[in-house]
2 protein chains.
Amino acid sequence: MRIGKLAERTGVSRRLLRYYEEQGLITSSRALNGYREYKESHVDVVLQIKGLLDAGLPTRIIQQLLPCLDKPQTIYVPNVTPEMIATLQCEQARLSERIESLTRNRDAIAGYLDTVLSVKAANIQSRATS
Amino acid sequence: MRIGKLAERTGVSRRLLRYYEEQGLITSSRALNGYREYKESHVDVVLQIKGLLDAGLPTRIIQQLLPCLDKPQTIYVPNVTPEMIATLQCEQARLSERIESLTRNRDAIAGYLDTVLSVKAANIQSRATS
DNA sequence: CTTGACCTTCACATCAATGTGAGTGTTTAA
DNA sequence: TTAAACACTCACATTGATGTGAAGGTCAAG
């Protein structure tokens with residue numbers, strides 16, 4: 001699969017795909033003509049990256065993270081340094097904070113919408129009965 | 001309260017506080033000497049902004065959002081345009097998506113950490129008994 | 001063989017969130 | 001009264017994630 005296809009399959013622009021590669025997030029083999037060649041599995045990886053980026057993780061963290069999130073859950077657990085573990089735990093905590101914050105805010109919005117909409121409904125009601 | 005104090009209380013740099021003001025996220029009154037003056041309530045507002053920014057919302061959205069998230073929940077519900085409601089509903093949905101994505105990723109990390117740590121524990125165990 | 005749709009690299013642009021520093025005025029406290 | 005701490009504005013710098021476009025190679029189809 002070439003870059004255009006991968007872009008289409010993942011919704012990530014060609015530009016970004018090259019950028020991810022430049023940042024060491026993905027790799028590609030090259031055809032004779034120099035074109036990048038991707039395997040089916042890259043689709044999932046890119047989607048994963050997209051998700052993590054969307055989650056607010058910077059590329060350099062994702063880069064460390066990716067080898068650890070492989071499907072086959074390689075139990076070999078190769079070179080996990082204590083620093084890596086610490087990084088992950090830290091990142092996990094930050095994610096949790098972020099989630100809480102987001103949830104609070106979403107609920108606040110929901111509450112506001114509820115109020116607004118019910119008041120609106122009441123107004124319509126009162127107009128109808130007046 | 002002047003800007004330094006507010007910065008200290010919120011953990012947001014003076015620079016950023018001025019930036020938030022420039023972006024229309026907060027307001028300040030000016031003392032005779034031109035110094036910005038903040039009220040106690042600004043602390044909460046700034047923390048709220050910080051949370052939203054941290055959650056990944058851009059300033060221009062936060063700007064629309066803030067007047068709706070006021071504590072006193074003004075039931076008067078002043079100028080709520082249908083567009084505003086639509087914006088909020090949209091933003092609410094986006095927040096939910098983001099929360100889901102974040103949660104998935106946090107859980108993935110948690111799972112990985114679990115694996116790694118348990119393997120590590122097992123290693124230690126086996127070393128001890130060998 | 002040409003045209004259009006791909007691909008390549010390189011480089012400059014942008015946007016948001018920040019930092020940093022210069023140059024200057026103000027308040028505070030020794 | 002002077003020094004330190006704080007405030008102001010303005011402006012340039014940076015970082016990360018992106019967009020955009022130029023200049024050129026490749027390939028398939030008409």
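Within every chain, numbering begins at 1; the chains are lettered A, B, ... in the order of the sequence lines, protein sequences first and strands thereafter.
The nearest whole Å value for the distance from the CZ atom in A/R60 to the P atom in D/dA17 is 8 Å. Summarising the geometry, the separation between CD on A/E8 and P on C/dA5 is reported as 15 Å, rounded to the nearest angstrom. When the C1' atom of C/dT8 is taken as reference, atom CG of A/L17 falls 14 Å away, rounded to whole Å. We find that CG of B/L32 is positioned 17 Å from P of D/dA7, with the value rounded to whole Å. A straight line from CZ of A/R18 to C1' of D/dA17 spans 16 Å, rounded to a whole angstrom. Following rounding to the nearest Å, B/I49 (CD1) and C/dA17 (P) show an atom-to-atom distance of 11 Å. One interatomic measurement links the two molecules: CD of A/E22 to C1' of C/dA11, which rounds to 12 Å at whole-angstrom precision. If you take CE of B/M1 and P of D/dC6, they are 16 Å apart, rounded to a whole angstrom.
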Go along nucleotides 19-30 of chain C 5' to 3' and tag each nucleotide: B for a protein heavy atom under 4.0 Å from its base, S when only backbone or sugar atoms are that close, - otherwise.
BB----BBS---

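A/E8 has no carboxylate O lying under 4.0 Å from a charged side-chain N of A/R2, or vice versa, which leaves the two without a salt bridge.
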Kindly determine whether A/R94 and A/Q89 satisfy side chain to side chain contact (heavy atoms under 4.5 Å, CB included), including the steps that lead there.
CA-CA 9 Å; A/R94 286 191 41 207; A/Q89 286 174 330; over 6 Å; no

For the pair B/E21 and B/S28, evaluate side chain to side chain donor-acceptor pair (under 3.5 Å) and give the outcome as yes or no after the intermediate values.
CA-CA 8 Å; B/E21 180 172 331; B/S28 62; 3.0 Å; yes

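Residue B/R14 has no polar side-chain atom (N or O) positioned under 4.0 Å from OP1 or OP2 of D/dC6. Phosphate contact (OP1/OP2 of D/dC8, side-chain N/O of B/R36, threshold under 4.0 Å): present.
Residue B/Y19 has its side chain nearest to C/dA17 when only D/dA7, C/dA17, C/dT8 are considered. Picking from C/dT9, C/dA17, C/dC6 the nucleotide with the shortest atom distance to the side chain of A/R30 gives C/dT9. Here the nucleotide nearest the side chain of B/I3, chosen from C/dT18, C/dT9, D/dC8, is D/dC8. Nearest nucleotide to the A/L53 side chain, out of D/dT18, C/dA17, D/dT9: D/dT18.
B/K50 places a side-chain N or O within 3.5 Å of a backbone atom of B/T10 that can act as its donor or acceptor partner. Put simply, the side chain of A/S101 never gets that close to the backbone of A/E97: no donor and acceptor are under 3.5 Å apart. For the pair B/Q23 (side chain) and B/R60 (backbone), a donor-acceptor distance under 3.5 Å is absent.
At a threshold of 4.5 Å between side-chain heavy atoms, the hydrophobic network of Ile, Leu, Val, Met, Phe, Trp and Tyr places B/Y20 and B/Y35 in two separate groups.
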